[in-house]
Every structure is written in structure tokens, then in C-alpha cells.
Amino acid sequence: MSADVMQKIISLCKRRGFVFQSSEIYGGLKSAYDYGPLGAELKRNIINEWWADMVHRRENVVGLDASIIMQRKVWEASGHLAGFSDPLVDCLVCKNRFRADQAPKLAEGVEAPLSFADKGQAKAAAELIEKQFSLTLERRGKDLHGAKGSGRGYVCPACGSPFLSKERMFNLMFRTSIGATDPLDEIAEAMESGKFAGLSGRELRQAIGEINERSAVYLRPETAQAMFVQFANIQQAMAMKVPFGIAQVGKSFRNEITVEHFIFRSCEFEQMEMEFFCEPETAGEWLDFWRNARMDWWRRYANHPEKFHFREHEADELAHYADKCYDIEYEYPWGQGELEGIANRTDYDLKKHAQHSGQKLEYFDPVKQQKFVPYVIEPAAGATRGLLVYLIDAYCEEQLTDANGKTDTRVVLKLHPRLAPIKVAVLPLVKKDGMPELARKVVEAFWQHGIAARYDETHAIGRRYRRHDEIGTPYCLTIDGQTKDDQTITIRDRDTMEQRRVSVESAVREVEELLRNS
RNA sequence: GCGGGAUUAACUCAGUUGGUAGAGUGUCAGCUUCCCAAGCUGAAUGUCGCGGGUUCGAAUCCCGUAUCCCGCUCCA
């Protein structure tokens, strides 16, 4: 697939009402997107299919719809508050950004190991250092000598330079404040009364931070925590027996350093997550079970199931809570990337929350007569990423040749029928001879059955077919001259463009059948 | 966050050395049309991303800024 397919999909998304840039008339907002009429349907269909598969079809999984704003202690316990505020530093020479606590150590005054990929870069770096820091370094091939480690105690992990920006905190969680009073008022009062007088910059920041933190709340960076926090309530209310799962769909928020690839990585996104609580000894089996179940699910709706892959996390990339993790990755136009992660979170989260809350988060096995803290297997999928994946998977340009030998390109979204925003287009072949009236009756029957259907009488029939191909409508029903004689209409398949006649009376049933069996 | 590119109608894009904006597609109305886009007639739609500056005059030159794309970087 060519790289400009993304451009075409982005364009189609806007033109046909799948995805718009947020706040577009005001110049947009970085990484925020609105799902238009068709996008809203597509996203909802994906989520509904997920929910049906994860919750409705399983005896041992139940749902939850939790608050996005949670007590800050939740994030202290989960480790997000600490982990989301690591000091980051930019290298002023090679522009690399890195975490200060993970950088190579170098004592003050010790020779800095400046080294670059090639001589050219070394030369450019030497010139930059001379210009900006008035320091002439000795250049030997791709290495530079003469720079000394600073009081910082570490150097750039990429080029070894000690020329670094200030450490800056990047809070990856969105912070806001709860309560009718603005913490800024309290800060202003404190400053006015001279309470902050004589504080250093660092102390001042801390003092202000303390006031701010009193009313601070955070938007969840993952939906998972609520399922751990409500573990005991749900287990008791529903009398669940381990193993069992809690599923949730909802928005999460992260101040991503870099947003990229349209809706792929954005600050506000939607997740479909399930926490599956099991006996520790069985965690390995359940991890295998769920990663296979999830892969099957993704492939079920795909035209190109071979583009979905497993990738096991290396030990050094595992999250702090995870023991083992498989990503389901997809071959996006820009390369392979994450779509879902299936992790063994062990008993990390329940134990942390038990510890921080002082509550017992255990399970009592009535048969074995013993208490234990369950292990958790977590399949965490991106719903909005899923939407993007299925759009890319479905996007197709076909070369057609008509009766006169003229070639023509057909753009078609081969969305799985149950994912398609509109299931049926009802079209009078021409706008006369009572066809529109008949067509209206047909489309209303679909609406009464709750099937998303559109009536369209504009332009030539071929154009209407193409328009619906482009938004992925799987079935077009056409009322023609024969309809009023024998009460039959044609049903056209989006992918094959083949038509067959069905009776008007059975049209809804036919489509319902097709949707069920697709 | 860095580097590069871009931003002109709903979409894709023209726009000359600076002189008050065009095309195709799409949309809408009507005609025509009995089955796979681009038949006929007509119509609507532009703060040229936004804000400054230079100039008699800026879509065009300069500065800033926002957003998008690509690459790096980053990414629990």
C-alpha cells in the first residue's frame, strides 16, 4: 500500500463525514478529532461488537462504566502520578530528548565521550559548540575531545554531550482542579501576604504546587484502574467467582509528547479494556487464551487478516506492572504499530490498591477454603485505533473497465457489514413512475426495524452506487420498473457489484440475515 | 521538542516579475436517464490558516503563530 493512501483516507474521512479536525473553524486543536455522523456509527459498531463478544457472549465477564475523574490516590497507588512526571532533558547539541534518570552517568570534570555517527555530524556539532558555548573541541574522526562533564552528573545518551537543557517535568496526565474556587486565588493571596517571600525558584514551585495539588484531579490515562478499584464491589454485587472479568469502554487522556498519524496517537482516545481476574497459577494459560481470542476477534472483521501480528515485549520494554505482554500489531501504511496489548499485570494493581487504601482486595475461594490475590490478564485495545485500522483495512481502489473499454477507478470501503455505518441504501432507479414513493416505503420498513438505512434519489444510479461504495454501505436496494409489476427489487452487493432480485416484502429479512451471517 | 514540507471553494489543486482569485470534482435545483462516477441547463460557496510588518497596492516578500503531513525523537 502506498504511503499516500493515508492522505486519501484522511480526505475521505472529512469529505464523507467520518472524522473532522476538532475546532476546525478556529484553526483546529492539536491532536483532537471529532467523529462525524459516519465515524460515530463506525466507532459505535466496533465498540458494540467488542462488547457483545467480551461481555454478552460470556458468562464470566461483566461490564463497568466508571468516572473519568478519579481520586488522586488512585494514581498514586497505580504509579502513574510518579511515573508520569519524570524529568526530561533535551540535548542542546544533537537535540535528543531523554529521561534524566536513565541517562549515562558522568562525574563532573570527567572527559565527556562525545561521539557522532559520522565525521560530518561531528564537524557540525563542533561548530555548534564553539559558537554557542565558546568552547573549541579537538576533533578526531567522528569523536570530539575536550568537553568535561557538568555538575549535572550525566550526559546525553545519544551523543555523550554534557550541553543540556534544564530538567523539565512532563506531566503525562491531564490535570485539572475540582471545586468551585480557583487555586490561583489562594496562590495570589499567599503571594500578596508575602508568604512566599525569599523562597528560591525551586521552593516557590513546590509551595505553589502544594496549593495546586490540594484541589487537583486527573483525567484517567487508562480505563483499567477503575476496574481494580471496583474489583471487590463488582465481585460481591454480581457474586462473581474467579476466574472472571470486568470490561469497560471509555475515553482516556495522555499528554503525549508527540502526536502522530492522524487519529493513531492523540491526547484523547478511546479504549476497550478488560481485566480478567484469575488464580495466579493459571495466569499463563489465560494470557494465551485471551491473546488468541483477541487476535481472532480483530481478524474476524478484516479483509487482510494477515496484516495483524503478535509481538512479544522484550524484558526492557515491559511496563512497570507487567510480567509478560503481547502486542497485537497492524501493518499501517507507515509501518507496523500497536493496536492492542495483552498483558499479565500479575497481582501488582490489586496489591497496590489494597496497600494504599487499606482495604482487602482478595478473593476467597469457597471450594479450596483459601484467600488469595488474583492475577490479572488485561487485553487493552484502542477503540479509536481500531477505527483507523478498519478504515485502512477496508480502503480499496479498483480499476474497472466499462462496456466501451473505458477504465475507471472505484473507491470502495470494504468494511465488514456489521461495522458499516449505513447498512442499506434504498434507491429508486429513476425519479418517476412512482418509484420514489415505493422506495420510501421500503426504506421506512428498515428504519422501523432499527437498521441504519438511507434513501437517495439524486443523480444517476451509478453515481449513487459509487457514493455508497465509498462509505462502505454493503447493500444497495434498487426499485425499478419491474417492482410495481412483481413486487421485487434488486439487492446489490458492494464488493462483487452483483445483483439479485428479492421480494419487497422479504427485503428487511434478507438484509437481517446477511448481517447476521456476515 | 527538532528538522523538512504544506495550508487558496466541501475535496484535489492552479495562480506569472507583488496589481482586488481560477479549474476540475463534489454539492444544490431543474431536465434527461430502466443499472454501475464524469449527458444538458442553471446556481451557491473564498476573512487566500490566523496576526503583524514592508508597500500606493500582498495569496505572492518579511516576521510571528496555529494546524496538518513526512522524518527523527519520544511513547506504561
Side-chain angles (χ1 to χ4, degrees), chain A residues 3-4 6-8 10-17 20-33 78-80 82-84 86 88-99 102 156-158 165 168 170 172-173 221-222 224 252 254-262 264-265 267 313 317-322 325 327 333-335 337-338 341 343 345 348-349 378 380 398 400-403 406-412 427-433 435 458-470 476 478-483 489-490 492 494 496-499:
Chain A
D4 65 0
M6 271 309 287
Q7 288 308 319
K8 289 177 178 173
I10 291 168
S11 170
L12 190 152
C13 278
K14 181 178 180 186
R15 196 156 34 85
R16 294 301 191 202
F20 305 117
Q21 167 129 57
S22 163
S23 317
E24 193 188 83
I25 63 168
Y26 289 106
L29 178 66
K30 190 174 175 173
S31 161
Y33 293 93
S78 71
H80 286 86
F84 270 170
D86 298 314
L88 296 183
V89 177
D90 292 311
C91 174
L92 299 175
V93 178
C94 72
K95 310 301 182 192
N96 180 46
R97 168 174 288 175
F98 56 92
R99 274 174 62 171
Q102 292 181 351
C156 171
S165 75
R168 281 177 298 182
F170 282 77
L172 263 68
M173 282 198 288
E222 62 174 15
S252 293
R254 292 179 195 171
N255 264 321
E256 297 285 353
I257 294 172
T258 314
V259 295
E260 58 187 351
H261 303 309
F262 193 40
F264 176 76
R265 187 191 306 287
C267 296
H313 277 209
E317 63 175 322
L318 283 171
H320 65 273
Y321 51 71
C325 181
D327 276 352
W334 61 85
E338 191 191 356
R345 290 183 78 132
Y348 178 90
D349 298 277
E378 174 195 75
E398 288 180 355
L400 301 180
T401 310
D402 69 10
K406 264 204 320 190
T407 57
D408 156 33
T409 304
R410 182 172 85 118
V411 174
V412 44
L427 317 166
L429 186 60
V430 292
K431 212 174 5 173
K432 61 180 185 184
D433 301 336
M435 290 180 209
T458 59
H459 297 293
I461 188 71
R463 244 195 256 196
R464 282 176 274 165
Y465 287 149
R466 294 304 172 85
R467 201 156 47 189
H468 279 283
D469 289 340
E470 205 184 22
C476 287
T478 304
I479 285 72
D480 59 15
Q482 199 181 319
T483 304
I489 54 180
T490 63
R492 169 191 182 267
R494 175 195 67 202
T496 63
M497 298 195 286
E498 280 166 9
Q499 292 176 295

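Quick caveat: nothing in here was measured; it's all calculated off a predicted structure.
Separating the C1' atom of B/rG57 from that of B/rU7 is a span of 24 Å, rounded to the nearest Å. Comparing the same atom, P, in B/rA10 and in B/rG3 gives a spacing of 33 Å after rounding to whole Å. For the P atom pair drawn from B/rA59 and B/rG49, the interatomic distance equals 10 Å after rounding to whole Å. The separation of B/rA38 from B/rC2, taken at their C1' atoms, amounts to 45 Å, rounded to a whole angstrom. Distance check on atom C1': B/rC72 versus B/rU65 gives 23 Å, rounded to whole Å. Remark: the separation of the C1' atoms in B/rG15 and B/rA9 is 14 Å, to the nearest Å. B/rC70 and B/rA23 have their P atoms separated by 32 Å, with the value rounded to a whole Å. Separation of the P atoms belonging to B/rG5 and B/rC62 is 12 Å when rounded to the nearest angstrom.
Spacing between atom CD of A/E470 and atom C1' of B/rA10 amounts to 13 Å, rounded to whole angstrom units. Look at CD on A/E256: it is 10 Å from P on B/rC75, rounded to the nearest Å. Rounded to an integer number of Å, the gap from A/K8 NZ to B/rU12 P is 12 Å. Here the C1' atom of nucleotide B/rU65 and the CG atom of A/L29 are 15 Å apart, to the nearest Å. If you take OH of A/Y33 and P of B/rU67, they are 11 Å apart, rounded to a whole angstrom. As a whole-Å value, the separation of A/E24 CD from B/rA9 C1' is 13 Å. Between the CG atom of A/D349 and the C1' atom of B/rA76 there is a distance of 11 Å, given to the nearest Å. If you measure from atom CD of A/E260 to atom C1' of B/rG71, you get 11 Å, rounded to the nearest angstrom.
Among the nucleotides B/rC68, B/rC11, B/rA76, the one closest to any side-chain atom of A/R254 is B/rA76. Side chain of A/S11, nearest nucleotide from B/rU67, B/rC11, B/rC70: B/rC11.
Heavy atoms only, all atoms of each residue included: A/E338 and A/F264 are closest at O-CE1, 3.4 Å. Taking each heavy atom of A/L429 and A/R464 in turn, the nearest pair found is O-NH2, 3.2 Å.
Looking at A/S23, its side chain never comes within 3.5 Å of a backbone N or O of A/L29 through a donor-acceptor pair. With hydrogens and angles disregarded, a donor-acceptor distance shorter than 3.5 Å links the side chain of A/R254 to the backbone of A/P221. When atom types are taken as modelled, the side chain of A/R466 and the backbone of A/R410 share no donor-acceptor pair closer than 3.5 angstrom. With hydrogens and angles disregarded, a donor-acceptor distance shorter than 3.5 Å links the side chain of A/D480 to the backbone of A/Q482.
Residues A/Y33 and A/C13 are not in side-chain contact: their nearest non-hydrogen atoms beyond the backbone lie 4.5 Å or more apart.
Nucleotide B/rA59 forms no Watson-Crick or G-U wobble pair with any nucleotide shown, as no partner meets the under 3.5 Å limit on both distances. Using Watson-Crick or G-U wobble geometry with both donor-acceptor distances under 3.5 Å, B/rU67 finds its partner in B/rA6. When Watson-Crick and G-U wobble pairs are counted only if both distances are under 3.5 Å, B/rU41 pairs with B/rA29. Across all strands shown, B/rC13 forms a Watson-Crick or G-U wobble pair, both distances under 3.5 Å, with B/rG22.
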Which letter, B, S or -, goes with each nucleotide of nucleotides 24-44 of chain B from 5' to 3', with contact meaning a protein heavy atom under 4.0 Å? --SSS----BBBBBB------
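Side-chain N/O atoms of A/Q21 include one lying less than 4.0 angstrom from OP1 or OP2 on B/rC68. For A/K14, no side-chain nitrogen or oxygen approaches OP1 or OP2 of B/rA10 to under 4.0 Å.
In terms of position on RNA chain B, the residue among A/I10 and A/R265 whose nearest nucleotide sits closer to the 5' end is A/I10.
No contact: A/T496 has no heavy atom under 4.0 Å from any strand. If you check every strand for non-hydrogen atoms under 4.0 Å, A/F262 touches sugar and phosphate atoms only.
Put simply, CG on A/L400 and CE on A/M497 are 4.5 Å apart, with the number rounded to the nearest 0.5 Å.
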Verdict with supporting geometry, A/R492 and A/T478, side-chain contact (heavy atoms from CB on, under 4.5 Å): CA-CA 8 Å; A/R492 169 191 182 267; A/T478 304; 5.8 Å; no
